[in-house]
S.K.: 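I'd like to ask some things about the structure below.
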Amino acid sequence: EIMKRGWAKKPLIVVPSVNVYEQWVHTIQELIPDAKLNLLGNLGVSYKGDLSSLKIEDGTFTILTYEGFKKLGFKDETYDSLSGKFGYISDDLEKHKTARDLEKKKAEFAAHAGTMKKGTRADLSFEDLGFDLLTFDEMHNANHIVSKVKLPKGKGSEFNRFSLRPSDLGIKAWLAAQYIQQQNHGRNVIGLTATPFTNHPLEYYSIISLVADKSLQKMGLTNANDFFGTFMEASNEYEFKADGEYKPKTDIRGFRNYRQFRKL
């Protein structure tokens, strides 16, 4: 339907495994018999084509597994641009930084770019392939993007005890989603999942950064702490750990501004 309306010409579908991949192929062929498919699989030895000369035609569907998706690379300027932007979802809230802070931030951006390039193929450029719509199946598998709420020294947040370890898949999904949204007026990223969220606010923020970056920016929610403060109600308690220690624990008690949250 999106293609019929002219909103996309080269959709990319990313799926978890070979079994799910085959289900997608079968379903597309069943529902759209004349569909033209680019079956790229995991971009491994089973793919017989010449990747360096691969061309994606308008009006075709491209299907990749997670493994193949992680091998797609971007041009250096895209890495530089987006690795710098990555700071907005994990940066601290200090507006005035010293020269040392700025140098440290540059090093962090370089590290982000290195993470984004990890495992990619030099002969594959996402931009040259021309994908203009990303459909990500089982998107909850890519919800580990934002690591934690970062604050200036001396400032606290009831959400700063939440943390996640960013995954390679999550970072690559964020990179592709940001690029697609920038090229398509903040649109054209579709996430599919039937798995409920856990009680972890960083998962919400990570997923929303994949599909609604422009809306987050318009609402002024440019960091995780502002997002949590707008929509989450925290409960701070203490609990005994398995090692016998008595430590503080933060849970999400509920949501606030729920109508606005649903709109986002």
Side-chain angles (χ1 to χ4, degrees), residues 1-3 5-16 20 24 61-66 69-70 72 74 78 81-83 85-91 112 116 126-127 129-147 149 162 164 166-228 230-232 252 255 257-264:
E1 181 67 21
I2 289 173
M3 293 169 78
R5 291 173 178 262
W7 298 341
K9 296 179 180 179
K10 299 180 180 181
L12 171 64
I13 301 167
V14 179
V15 304
V20 179
W24 269 90
F61 297 83
T62 301
I63 309 179
L64 269 175
T65 64
Y66 287 177
F69 174 67
K70 287 192 286 187
L72 287 179
F74 287 79
T78 301
S81 170
L82 292 180
S83 63
K85 186 183 177 187
F86 187 76
Y88 94 86
I89 58 174
S90 59
D91 199 7
H112 290 321
M116 293 170 180
F126 196 94
E127 299 94 327
L129 294 176
F131 299 124
D132 56 6
L133 184 145
L134 173 65
T135 295
F136 203 99
D137 197 12
E138 306 292 354
M139 187 174 255
H140 56 273
N141 290 322
N143 64 10
H144 283 205
I145 300 171
V146 186
S147 59
V149 174
F162 289 103
L164 288 176
S167 68
D168 291 345
L169 181 63
I171 297 299
K172 176 53 72 73
W174 183 87
L175 181 63
Q178 289 290 321
Y179 178 80
I180 291 288
Q181 289 179 82
Q182 286 185 2
Q183 304 299 314
N184 295 279
H185 309 289
R187 300 177 182 270
N188 284 18
V189 178
I190 300 170
L192 308 176
T193 178
T195 299
F197 283 97
T198 66
N199 200 28
H200 206 303
L202 288 170
E203 291 187 359
Y204 286 94
Y205 191 62
S206 292
I207 288 289
I208 290 176
S209 75
L210 292 177
V211 297
D213 176 72
K214 195 172 183 179
S215 296
L216 283 170
Q217 300 299 307
K218 281 184 177 179
M219 295 171 70
L221 304 176
T222 57
N223 59 69
N225 192 63
D226 289 347
F227 175 82
F228 298 153
T230 301
F231 296 124
M232 310 283 177
I252 298 302
F255 296 98
N257 299 319
Y258 188 61
R259 188 172 298 177
Q260 188 182 17
F261 190 34
R262 286 192 63 183
K263 183 179 179 181
L264 173 63

S.K.: For Ala176 and Phe69, work out which heavy atoms get closest and say how close.
M.R.: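 Scanning both residues, the minimum pair turns out to be CB-CZ, 3.8 Å.
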S.K.: Test of understanding: with salt bridge (Lys or Arg N to Asp or Glu O under 4.0 Å), list the residues that count as partners of Arg262, not counting sequence neighbours.
M.R.: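 Salt bridge (Lys or Arg N to Asp or Glu O under 4.0 Å) list for Arg262, sorted by chain: empty.
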S.K.: To the nearest 0.5 angstrom, please state how far the CH2 atom of Trp174 sits from the OG atom of Ser167.
M.R.: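 These two atoms lie 13.5 Å from each other.
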S.K.: For Lys10, does the NZ atom sit with more than 12 other heavy atoms under 6.0 Å from it, leaving out its own atoms?
M.R.: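 For Lys10, atom NZ is crowded (more than 12 foreign heavy atoms under 6.0 Å).
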S.K.: Go through the structure and list residues passing ring pair (Phe, Tyr, Trp, His ring centres under 6.0 Å) with Tyr66, not counting sequence neighbours.
M.R.: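 With sequence neighbours excluded, Tyr66 shows a ring pair (Phe, Tyr, Trp, His ring centres under 6.0 Å) to Phe136, given in chain and number order.
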S.K.: Ignoring hydrogens, what is the shortest heavy-atom contact between Met219 and Gln260? Give both atom names and the distance.
M.R.: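 Distance-wise, the nearest heavy atoms are CE-NE2, 3.1 Å.
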S.K.: How long is the gap from CG on Leu133 to CD1 on Ile190, to the nearest 0.5 Å?
M.R.: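 Interatomic distance, Leu133 CG to Ile190 CD1, rounded to 0.5 Å: 4.5 Å.
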S.K.: Below 30° counts as parallel, above 60° as perpendicular, anything between as tilted: where do the rings of Phe255 and Tyr258 land?
M.R.: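 It falls in the tilted class, 30° to 60°.
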S.K.: Measure across Leu12 and Leu72 and return the closest heavy-atom pair with its distance rounded to 0.1 Å.
M.R.: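 Answer, listing the atom of Leu12 first, then Leu72: CD2-CD1, 4.4 Å.
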S.K.: Closest approach of Asp226 and Leu221, non-hydrogen atoms and distance?
M.R.: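 In this case the closest contact between Asp226 and Leu221 is O-CD2, 3.8 Å.
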S.K.: Taking the side chain as every heavy atom from C-beta outward, state whether Gln178 and Asp213 have any pair of such atoms under 4.5 Å apart.
M.R.: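 Yes; the side chains approach each other to less than 4.5 Å.
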S.K.: Can you tell me if Gln181 uses its side chain to pair, donor with acceptor, with the backbone of Leu210 under 3.5 Å?
M.R.: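 Yes.
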S.K.: Do the side chains of Lys218 and Lys214 get nearer than 4.5 Å, heavy atoms only?
M.R.: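 A side-chain contact under 4.5 Å exists here.
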S.K.: Rounded to the nearest 0.5 Å, how far does OG1 of Thr78 lie from OH of Tyr179?
M.R.: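 Here the rounded value is 6.0 Å.
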S.K.: Just how far is it from atom CZ of Phe228 to atom CG of Leu202, taken to the nearest 0.5 Å?
M.R.: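 The CG atom of Leu202 is 4.0 Å from CZ of Phe228, to the nearest 0.5 Å.
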S.K.: Looking at CD1 of Ile208 and CG of Leu264, how far apart are the two atoms once the value is rounded to the nearest 0.5 Å?
M.R.: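 CG of Leu264 is found 4.5 Å from CD1 of Ile208.
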S.K.: Between atom OH of Tyr205 and atom CE of Met232, what is the distance when rounded to the nearest 0.5 Å?
M.R.: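 Going from OH on Tyr205 over to CE on Met232, the span is 11.0 Å.
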S.K.: Looking at every heavy atom in both Ile180 and Arg187, which two are closest together, and how far apart are they?
M.R.: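 In terms of heavy atoms, the two residues are closest at CG2-O, 3.8 Å.
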S.K.: Does a side-chain heavy-atom distance below 4.5 Å link Ile13 with Asp137?
M.R.: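 Not touching, per the 4.5 Å side-chain cut-off.
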S.K.: Can you see which heavy atom on Lys70 is nearest to which on Lys172, and at what distance?
M.R.: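 Result for this residue pair: O-NZ, 3.0 Å.
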S.K.: Would you say Tyr204 and Phe261 make side-chain contact, with heavy atoms under 4.5 Å?
M.R.: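 Answer yes - side chains close enough.
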S.K.: Can you sort out the partners of His140 under side-chain contact (heavy atoms from CB on, under 4.5 Å), two or more places apart, ordered by chain and number?
M.R.: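 Partners of His140 by the side-chain contact (heavy atoms from CB on, under 4.5 Å) criterion, ordered by chain and then number, come out as Glu138, Asn143, Thr193, Thr195.
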S.K.: Is the backbone N or O of Trp7 less than 3.5 Å from a side-chain atom of Asn188, with the two atoms forming a donor-acceptor pair by type?
M.R.: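 Yes, Asn188 side chain to Trp7 backbone: donor-acceptor pair under 3.5 Å.
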